[in-house]
Structure formats: C-alpha cells, structure tokens
K.L.:
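One structure, pasted below without further comment.
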Amino acid sequence: MAVEKRALTCIVCPKGCAMTATITDGLMTELTGNSCPRGKKYAEEEILAPKRMLTSTVRVLNGELALLPVVSKSSLPKGRILACVEELRKITVLAPIAEGQVIVTNILGLGVDIVASRSMPAAEKD
Amino acid sequence: MSESYDVIIIGGGPAGLSAAYSAWENGAKKILVIERDRELGGILQQCIHNGFGLHHFKEELTGPGYAHRCMELIKDKPEIETLIDTMVLEITQDKTVVAVNPKKGLLELHAKTIILTMGCRERTRGAIRIPGERPAGVFTAGAAQRMVNMEGYLPGKKAVILGSGDIGLIMARRMSLEGCKVEAVLEICSFSNGLTRNIVQCLEDYDIPLYLSHTIVKIHGSERVTGVTVAKVDERMQPLPGTEFDIECDTVLLSVGLIPENELSRGLDLKMEPLTSGPVVDQRRETSKPGIFAAGNVVHVHDLVDFVSEEAEIAGKFAALTAQGMLEGELKHVEVTTGDGIRTCVPQRLSLPEEGETLRLFMRVGAPEQKVRLEVTSGDTLIVSKLLPFAKPSEMIALNLPAEKTKLISGDLKVALKREA
Ligand code: SF4
C-alpha cells in the first residue's frame, strides 16, 4: 500500500484553505484543512484528474502582429499541457483570422479544439 | 470628423469602451473615444490568459476575448467615433482636448463632458531603488508580457521575478511555457498580493518557489544580468543581514505594483487622493471638476476588469446625462472616510439627491483579515453592515448601498472594520 501526503490549496473560493490530502494507492482517503465540501470535491479532482485551461500564442504571417493569442475551448489534462504547447510551437497561421476561429482541431487527440482568442486583421500594405 | 462632442473619452481600454457604450445607451449622440495605441482594447490585448469576464459577461474569457466583446458593443454605431494612434496632450479647463494624430496633425476638440479612462502603468526599478549597475535584462513584467505575447520575443532563459502580484505570477507561467526557467518569485510582504488561483496554477504547477518576506538587495552584471542577491526582510521590510543568498539568472522581471496614469488629471488640477494615486470621485464618478468624470484603473487599480467595466458604465451614464442637461436638482455632498482596517474606498465622496441613490462602494483592506464586520456609518446611524469571513488586500470588496439606505445619510460616511469579539 502506497500512502502519500499532499498539500493542496483550495481555489474554489477566496478563502484559499490550505488542505492536506492523504493519498492511498492513488485515491484520496483523507482530507484535512478544508472548510466546506467544495474543498473536498476540488481536492479529489486535483488528485485524480487535474485539468487546466491552456492559453498561448501561435506564429501568424501577414498579420498586424507577429503572434496570435489562442485558448483551449475547454480544459485539458494538466499533464499534457506542455505537450500541447510544443504542438502549438509548430503552427503558423495566415492572417486574416477571426476571433473564435479554430486553429487546431482536437489537439493531440484530447478532444479539445484550440481557437483564436482575438481577430487578427491582415497587415496593411504600404 | 467633428470638432465638438457630447462626451469625449480619453483611453480606449476596457474602461473607455465600456464608458462609450454606456454613454450611448444613455442617449449621448456624439461620443468620441481617443486611444494612443495602434488598436483599441488597451492592456487586455497582451493579457492572453483567461479568467476575465465572469461577472460582467457571465463567461470566462481571455484578455483579448474580453476586449473583443467590448469592441463589439460599440461597433457600427454612428454615434460613437474612435480615434486610434492619437495622443492627448492636454485637457483645458473649458473641456477642450488637444491631441496629435500622425495623419490628422494637431486636433482641438470640444466636449460637454469628458471621461478619463487612461488606466495605469507599472512601477519601475527606479521607483523601488534596487542597487546595482544597469545591465540589460531587467524588465517590468508587463513589458515582458508584451514581448512574449504580442511581439514574439523571449526576454531571457533564466528569470527571477520580484513581486507576487498577479502579473508577476501570470508571467512566471507564461515564461515557463515558452521555455524560460523561472528560478524564483520573491515577495517583500509576508503574504502574496496575487489570487490564490494564480499561486496554484502559475507557480505550484511549475514547481516555482515563492519566497515570502524576501527581496532583491542587488542585481549583478554590467552588460547583462548575471544574477541577484536576495535577502529576507523584517517586519519593516528592511533586509536582514546574514540572510543573503545568490540566484543565478539572466533576467529580472519586476511586478511591483501599478500606478494610475494621471498626468492629464494633474494638468486639470483635479483633486487627487494620495492612497489610490487617482482623482477623487463621487458615486457617479464625477471628479472635483464638474463635467469631468473618471473610471477604471485611472481612479484606483482594480484586480478585476469586470469591476473596471462596471465603474466605467456608471461614468458613461452620468457623463451622458450631464451632457444632455438631464441631471437637475440639489445634491447633498458628503465625504466618505476610511477607518480601522480599510485602506482605500472609492468613491471618496457622495453627491446625493433627496431621494437617495443606489450605489456601490469599492474598498481595500490594509492587511489580511478574518471574521470581521464591515460597517458603514453616518454619524451615529449604521447605514449598512456586512460580515466578511475573510478579506485580503489584493481582493477589492464591493458593497451595495440601496437608495433607501443612502437616503438616511446625514453627514460624512465612514467605512471601517469591526473585529468580532
Ligand atoms: S474549502 Fe471551501 S471554504 Fe475553503 S477555499 Fe475551498 S471552497 Fe472556500
């Protein structure tokens, strides 16, 4: 039996309770420090399947700026965030781009699209 | 383009755009937004992370996404004009706005009312006096953010961040994602001024240590930063001898606070408040000079853009009504003062009609608090009180005062914390 203690800070409300979880074979078996049940739910998720939104940029050609900011449509597994960023590094798009336009469909097969978080007009030609 | 307007708005960030929309909704026919950057949206355009808009747009947006929403609201409205690439040089006492634009040259525009929404800027190394030479590699966090998110440059490979405000935390994650090793975040206070969510998701996720009660005592390097000496500080924030240690790095980012950008306000001789570094406003966001309004970070630095929009909508509404001559009747003026535990409160004064007016107070506490009662009193009358389970200096407290309560205000208003026994 692998027993481990992990410190977590609840981010569900501004109180920010400092919690300690006991993890037995990958499952949370005890939690202290939370002031309400929402903290427990948060801790369970953080231990079993933590998720994060991803915001980054991709290179854009012919645009008013060098970079286009992008955002994941929903959250991604925390452990795959760096791999997703690597994937975005390979991408170059061509302006004009509309806000919300899909830049990568189903990134790394995780079932989440990456979309443009702003519009990018084409650069004006002088 | 015309030369006279109902409402001229200085600054096209979230405050300016929200004010313009609200002025339009409230009947102003000629509205102009002046922006000095090459596009509207203000600083949000470089804040590519998400977490904006939950209150105002009821959905979680990125900074550019929030700016986009604001721009959508004002677009295709013949009553609203925008002027980008335009720098306002002066606002005169008779509400003439003097500005320059590379294509139109010098402009002199007249307004019935003006709304100041110039936002804020970052404190610099000079402002906090760190000893050492002046090597390359020291940036404000916001300047680095613009480089990384808009221009496509990484400021360095190994960074130390001074200050644990939200911009510093967000940049710690952003630099890590782009391949820069963030060695540490240092905070001179014994608590962080950043949101807990950012401490967890920007530092803990990337194993970046946060040193509370620590600061940089020296930056090393002459051509380029080569490292910093860090020391622990005492309660008075003075470095403790013997606690120094060195961190090797090529970049130092400063996230050491924001200051409202008020050169134009000072030119107008507006009454200023030293603690917020912004103009004194009433609940309608009118400054000490009739017809000149102010909202957003130019009044006091906000932690949520949603509150910036809310405040700007108030300013937009009352600027529009004033411009149309629709506000009449005697107003009773009272001051809002802060007592125990409350550091700042906006508005700083109230201009109340006979029947009262629904309004919201925005406050910051001086230090973290738990289980305190926030009390708003006028003389011996308790106007409103609210129990706060906890309060942090980094999170602004908003308190509603309904019209039937503000009617009861007889003299100056005082906001203070009362500790529960
Ligand atoms: S445990 Fe409950 S009270 Fe504590 S931070 Fe989480 S949601 Fe807030």
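What you see below is based on every heavy atom in this structure, not just the backbone, and it leaves out hydrogens, waters and symmetry mates. Every chain is numbered from 1 and lettered A, B, ... according to where its sequence line falls, protein lines coming before strand lines.
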K.L.:
With chain A, which of B/Glu60, B/Gln370, B/Arg38, B/Met71 has the greatest number of heavy-atom pairs at distances under 4.5 Å?
P.N.:
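Max contact count across the listed options: B/Arg38.
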
K.L.:
Run the side chain to side chain contact (heavy atoms under 4.5 Å, CB included) check on B/Glu72 and A/Glu99 step by step: do they pass?
P.N.:
CA-CA 11 Å; B/Glu72 287 290 301; A/Glu99 195 248 6; over 6 Å; no

K.L.:
First locate atom CD1 of B/Ile199, then atom CD1 of A/Ile11, and finally report the distance between them rounded to the nearest 0.5 Å.
P.N.:
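Separation between the atoms: 11.0 Å.
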
K.L.:
Taking everything shown except B/Arg343 itself, do over 12 heavy atoms lie less than 6.0 Å from its CZ?
P.N.:
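12 or below, so no.
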
K.L.:
More than 12 foreign heavy atoms under 6.0 Å from CZ of B/Phe191: is that the case here?
P.N.:
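Yes, the 6.0 Å shell around CZ holds more than 12 heavy atoms from other groups.
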
K.L.:
State whether A/Arg118 and B/Glu39 are salt-bridged, where the test is any N-O pair (Lys NZ or Arg NE/NH1/NH2 against Asp/Glu carboxylate O) under 4.0 Å.
P.N.:
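Here A/Arg118 pairs with B/Glu39 in a salt bridge, since their nearest N and O are under 4.0 Å apart.
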
K.L.:
Atom OG of B/Ser176 and atom CG of A/Leu82: how far apart are they, to the nearest 0.5 Å?
P.N.:
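Rounded to the nearest 0.5 Å, the OG-CG separation comes out at 9.0 Å.
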
K.L.:
Of all the heavy-atom pairs spanning A/Ser117 and B/Thr62, show the shortest one and how long it is.
P.N.:
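Scanning both residues, the minimum pair turns out to be CB-OG1, 3.2 Å.
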
K.L.:
Can you tell which of B/His49, B/Arg197, B/Glu395, B/Gln201 has the highest number of heavy-atom pairs within less than 4.5 Å of chain A?
P.N.:
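Of the options given, most contacts go to B/Gln201.
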
K.L.:
Can you tell which part of A/Cys13 gets under 4.5 Å to a heavy atom of chain B, answering side chain, backbone, both or neither?
P.N.:
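Side chain only.
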
K.L.:
Which pair of non-hydrogen atoms, one from B/Asn149 and one from A/Thr57, has the smallest distance, and what is that distance?
P.N.:
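Between these two residues, the closest heavy atoms are O-CG2, 3.7 Å.
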
K.L.:
Among A/Glu46, A/Glu86, A/Arg89, which residue forms the greatest number of heavy-atom pairs with chain B at distances under 4.5 Å?
P.N.:
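Ranked by contacts with chain B, first place is A/Arg89.
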
K.L.:
What heavy-atom pair brings A/Leu67 and B/Val148 nearest, and what distance separates the two atoms?
P.N.:
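Closest approach of A/Leu67 to B/Val148: CD1-O, 3.1 Å.
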
K.L.:
At a heavy-atom separation under 4.5 Å, does A/Leu8 approach chain B through its side chain, its backbone, both, or neither?
P.N.:
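A/Leu8 has no heavy atom closer than 4.5 Å to chain B.
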
K.L.:
Tell me, side chain or backbone of A/Leu68 under 4.5 Å from chain B's heavy atoms, or both, or neither?
P.N.:
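For A/Leu68, there is no contact with chain B at all, as no heavy atom is under 4.5 Å.
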
K.L.:
Is it true that atom CZ of B/Arg360 has more than 12 heavy atoms of other residues, nucleotides or ligands lying nearer than 6.0 Å?
P.N.:
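For B/Arg360, atom CZ is crowded (more than 12 foreign heavy atoms under 6.0 Å).
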
K.L.:
Which heavy-atom pair separates A/Leu54 from B/Leu177 by the least distance, and what is that distance?
P.N.:
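Result for this residue pair: CD1-CD1, 4.2 Å.
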
K.L.:
If you draw a 6.0 Å radius around NZ in A/Lys78, do more than 12 non-hydrogen atoms from other residues or ligands fall strictly inside?
P.N.:
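Check passes, neighbour count above 12.
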
K.L.:
B/Glu151 versus chain A, heavy atoms under 4.5 Å apart: side chain, backbone, both or neither?
P.N.:
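The backbone, not the side chain.
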
K.L.:
Could you look at A/Arg59 and say if it's the side chain, the backbone, both or neither that has a heavy atom under 4.5 Å from chain B?
P.N.:
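For A/Arg59, there is no contact with chain B at all, as no heavy atom is under 4.5 Å.
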
K.L.:
Counting only heavy atoms closer than 4.5 Å, note whether B/Tyr206 contacts chain A via side chain, backbone, both or neither.
P.N.:
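It is the side chain, since no backbone atom gets that close.
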
K.L.:
Hey, mind stepping through B/Asp205 and A/Arg52 against side chain to side chain contact (heavy atoms under 4.5 Å, CB included) and telling me if it holds?
P.N.:
CA-CA 10 Å; B/Asp205 276 9; A/Arg52 296 289 184 269; 2.5 Å; yes

K.L.:
Can B/Arg174 and A/Ser56 be counted as having a side-chain donor-acceptor contact under 3.5 angstrom?
P.N.:
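A donor-acceptor contact under 3.5 Å links the two side chains.
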
K.L.:
Any chance NZ of A/Lys41 has more than 12 other-residue heavy atoms, nucleotides or ligands included, within less than 6.0 Å?
P.N.:
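Atom NZ in A/Lys41 is not crowded, with 12 or fewer foreign heavy atoms closer than 6.0 Å.
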
